[in-house]
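Single-structure report; data block below.
Order of the sequence lines sets the chain letters (A, B, ...), proteins ahead of strands, with each chain counted from 1.
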Amino acid sequence: MKVSKPRGTRDFLPEETARRRNVENIMRQVVTKWGYKEVITPTFEHLELFTLKSGEGVVGELYNFSDKGNRDMTLRPELTAPVMRMYVNEMQAMSRPLKLFYFENCFRYERPQKGRFREFWQFGVEVIGSNRADADAEIIALATNMIEAAGIKGDLHVGHLGIIRHILKDTEDEQKSKIMRLVDKKDDEGLDNYFEEINAPAELRRNLLELICLSGSDAIAKAREILGDIEEIDKFEELLTLLDAYEIDYNVDLSIARGLDYYTGMVFEIYAEGLGAQNQICGGGSYQLISLFGGGDVPSTGFGVGFDRIMEICEIQPPKENKVVIVATDDTRTDAIKVATKMRNELTVYIDIMKRNFKTQLSHANNIEADYAVIVGKKEIESGKLTVKNMQSGEQLQLAIEEAIQLIKSN
RNA sequence: GCCGGGGUAGGGUAGCGGUUAUCCUGUAGCCCUGUGGAGGCUACGAUCCGAGUUCGACUCUCGGUCCCGGCCCCA
């Protein structure tokens with residue numbers, strides 16, 4: 001009986017694994033250069049952690065279970081909440097700002113489709129302790145850097161929830177979130193209908209509709225015309241000035257709402273082409289979650305990158321290293337092992353474990369696309385010189401082991 | 001949860017209500033235990049699962065499952 005893998009999961013074969021690890025390391029190098037430290041949290045958490053953050057409704061999307069002690073648990077669906085929990089549990093006395101990142105698998109019970117799996121990988125970054133535009137700008141710049149480093153051209157949209165919330169400050173909560181949702185979906189028709197339904201004031205309608213269309217360099221000025229001088233616009237302007245300093249291309253987009261209530265100000269999303277309906281590769285913003293988990297009133301800002309989506313469109317190939325196959329005969333097998341052991345200090349070395357004959361060993365070397373075959377036979381043992389064969393050109397040289405290593409390394 | 005398209009050896013495929021289920025490729029071995037890529041030979045290996053219709057189902061019908069794309073959702 002053949003057992004298949006669970007729905008929405010994937011096996012990664014050697015070639016794909018190497019490609020993923022390579023890009024993962026490239027991204028890791030970028031964040032490390034910015035001074036961020038990697039953390040690891042548990043693969044499963046108490047269910048409560050996520051219902052606190054996102055409401056009871058998320059349970060339907062979770063891989064949750066009760067353990068043998070009857071505790072409600074779940075595989076993590078994301079990593080911002082675990083990292084904030086970790087901060088509250090163990091890091092509150094550390095000097096701020098804290099700059100953390102993670103790269104882990106997450107699990108959601110959803111219908112798989114292009115760029116969406118039940119087990120997927122998230123690369124994320126969080127800054128804890130700063131509510132300044134500087135932190136927001138750094139986070140956006142870092143996200144942009146990482147995506148560029150993966151060889152992807154992203155389309156960055158930056159917004160600020162404070163501005164849209166200012167317009168809606170007298171609207172009741174339920175209506176507010178419904179409006180925000182429609183705005184986020186860019187559903188103009190739905191928005192019109194809903195305004196009609198709740199009989200929204202004409203001024204509010206006009207202001208909101210104008211605001212969410214704003215873009216380009218005069219967006220700030222126009223927002224001021226609509227709303228007057230408010231603190232949120234000042235802060236947003238400061239953010240844009242900093243982004244200019246980082247020399248980042250962005251689109252002002254005040255229609256980004258990102259759903260949930262814990263986002264406090266800056267929000268951004270990055271899109272890429274070639275991904276079908278799931279074209280968002282990165283999203284983030286500033287938020288306040290720590291007090292929800294029993295910590296103080298500590299502001300944070302961060303983002304998550306959908307690593308699997310990055311890999312869908314990323315074309316970076318891992319660096320190739322020379323592959324050496326030792327070819328031996330029956331009576332030189334033990335000598336061949338000694339040669340292989342020595343060469344492995346510096347090279348990637350294969351040796352026959354199938355008791356194959358000389359010819360078939362060489363043939364196998366060819367099949368696995370070895371760069372060099374190193375022949376360790378009776379003649380070589382007697383002369384003390386190995387036969388090194390370049391599998392591409394067919395050229396053969398007699399060399400001492402150190403010379404052989406040097407030659408292969410240098411090509 | 002909903003809508004559409006799919007599922008034949010490890011990969012790619014052909015076919016038909018009754019075949020020994022086609023071909024390519026792959027893997028292992030041999031021709032050929034001191035020189036690979038070509039060729040020949042041999043072996044391995046498949047009708048997604050279940051029910052129904054039928055004398056007979058890989059083929060038709062239904063249900064499930066998985067894959068692909070989309071909707072909803074998207075922390």
Using whole Å, report how far [atom1] of [X] lies from [atom2] of [N].
X	N	atom1	atom2	value
A:F358	B:C32	CZ	P	17 Å
A:D187	B:C71	CG	C1'	14 Å
A:Q278	B:C73	CD	P	12 Å
A:E78	B:C73	CD	P	19 Å
A:E126	B:A75	CD	P	14 Å
A:L275	B:C74	CG	C1'	15 Å
A:E16	B:G11	CD	P	17 Å
A:M180	B:A75	CE	P	12 Å

Inset, instruction - Mind listing the closest non-hydrogen atom pair of A:G274 and A:I313 along with its distance? - result: O-CG2, 4.0 Å
[N] versus [M] - spacing of their [atom1] atoms, nearest Å:
N	M	atom1	answer
B:C31	B:U13	C1'	30 Å
B:A21	B:A46	C1'	9 Å
B:U47	B:C32	C1'	38 Å
B:A14	B:A9	P	12 Å
B:G12	B:G64	P	26 Å
B:U61	B:G5	P	13 Å
B:U59	B:G4	C1'	23 Å
B:C68	B:A43	P	37 Å

Inset, instruction - Could you check whether A:E110 gets within reach of a base, just the sugar-phosphate, or nothing at all, counting any heavy atom under 4.0 Å? - result: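 Base: the residue A:E110, judged by heavy atoms under 4.0 Å, touches a nucleobase.
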Please determine whether any donor N or O and acceptor N or O are separated by less than 3.5 Å between the side chain of [X] and the base of [N].
X	N	result
A:Q396	B:U35	yes
A:K389	B:U35	yes
A:R181	B:C73	no

Inset, instruction - State which residue, out of A:K114, A:R20, A:R19, fulfils the salt bridge (charged side-chain N to carboxylate O under 4.0 Å, His left out) condition with A:E312. - result: A:K114
State, yes or no, whether a side-chain contact exists between [X] and [Y] at a heavy-atom distance under 4.5 Å.
X	Y	value
A:W34	A:K99	no
A:Q398	A:T387	yes
A:F303	A:M146	yes
A:T348	A:N322	no
A:F268	A:D136	no
A:D72	A:N64	no
A:F236	A:L254	yes
A:E104	A:R76	yes

Which residues in [range] have at least one heavy atom lying under 4.0 Å from any atom of RNA chain B?
range	answer
residues 283-308 of chain A	none
residues 48-67 of chain A	A:K53, A:S54, A:V58, A:E61, A:L62
residues 364-382 of chain A	A:N366, A:I375, A:G377, A:K378, A:K379, A:E380

Legend entry - Six-ring centre of A:Y109, A:R118 cation under 6.0 angstrom, axis tolerance 45°: yes
Legend entry - Out of B:A75, B:A28, B:C32, whichever nucleotide has its closest atom nearest the side chain of A:R356: B:A28
Inset, instruction - Start with the C-alpha gap between A:L142 and A:Y36, add the side-chain angles, then the distance that decides, and say whether side chain to side chain contact (heavy atoms under 4.5 Å, CB included) holds. - result: CA-CA 10 Å; A:L142 177 50; A:Y36 287 69; 3.6 Å; yes
Inset, instruction - Run the numbers on A:L191 and A:I179 for side chain to side chain contact (heavy atoms under 4.5 Å, CB included), then give the verdict. - result: CA-CA 7 Å; A:L191 198 56; A:I179 292 170; 4.0 Å; yes
Inset, instruction - Answer yes or no: does a side-chain N or O of A:K185 lie under 4.0 Å from OP1 or OP2 of B:C73? - result: yes
Are there any protein N/O atoms within less than 3.5 Å of an N/O atom in nucleotides 65-67 of chain B, and if so, which ones and at what distance?
residue : atom : partner : partner atom : Å
B:C67   : OP1  : A:G8    : N            : 3.0
B:C67   : OP2  : A:R7    : NE           : 2.9

Inset, instruction - Answer yes if the side chains of A:T332 and A:D335 hold a donor-acceptor pair under 3.5 Å, and no otherwise. - result: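 A:T332 vs A:D335: no donor-acceptor pair found between side chains.
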Inset, instruction - Scan side-chain atoms only and decide if A:E126 and A:T301 contain a donor-acceptor pair under the 3.5 Å cut-off. - result: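 Result is no, nothing qualifies.
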Legend entry - Salt-bridge contact A:D330-A:R333 (side-chain N to carboxylate O under 4.0 Å): yes
Under 3.5 Å donor-acceptor pairs involving side-chain atoms of residues 290-300 of chain A, not counting sequence neighbours:
residue : atom : partner : partner atom : Å
A:D297  : OD1  : A:Q288  : NE2          : 3.2

Inset, instruction - Go along nucleotides 39-47 of chain B 5' to 3' and tag each nucleotide: B for a protein heavy atom under 4.0 Å from its base, S when only backbone or sugar atoms are that close, - otherwise. - result: ---------
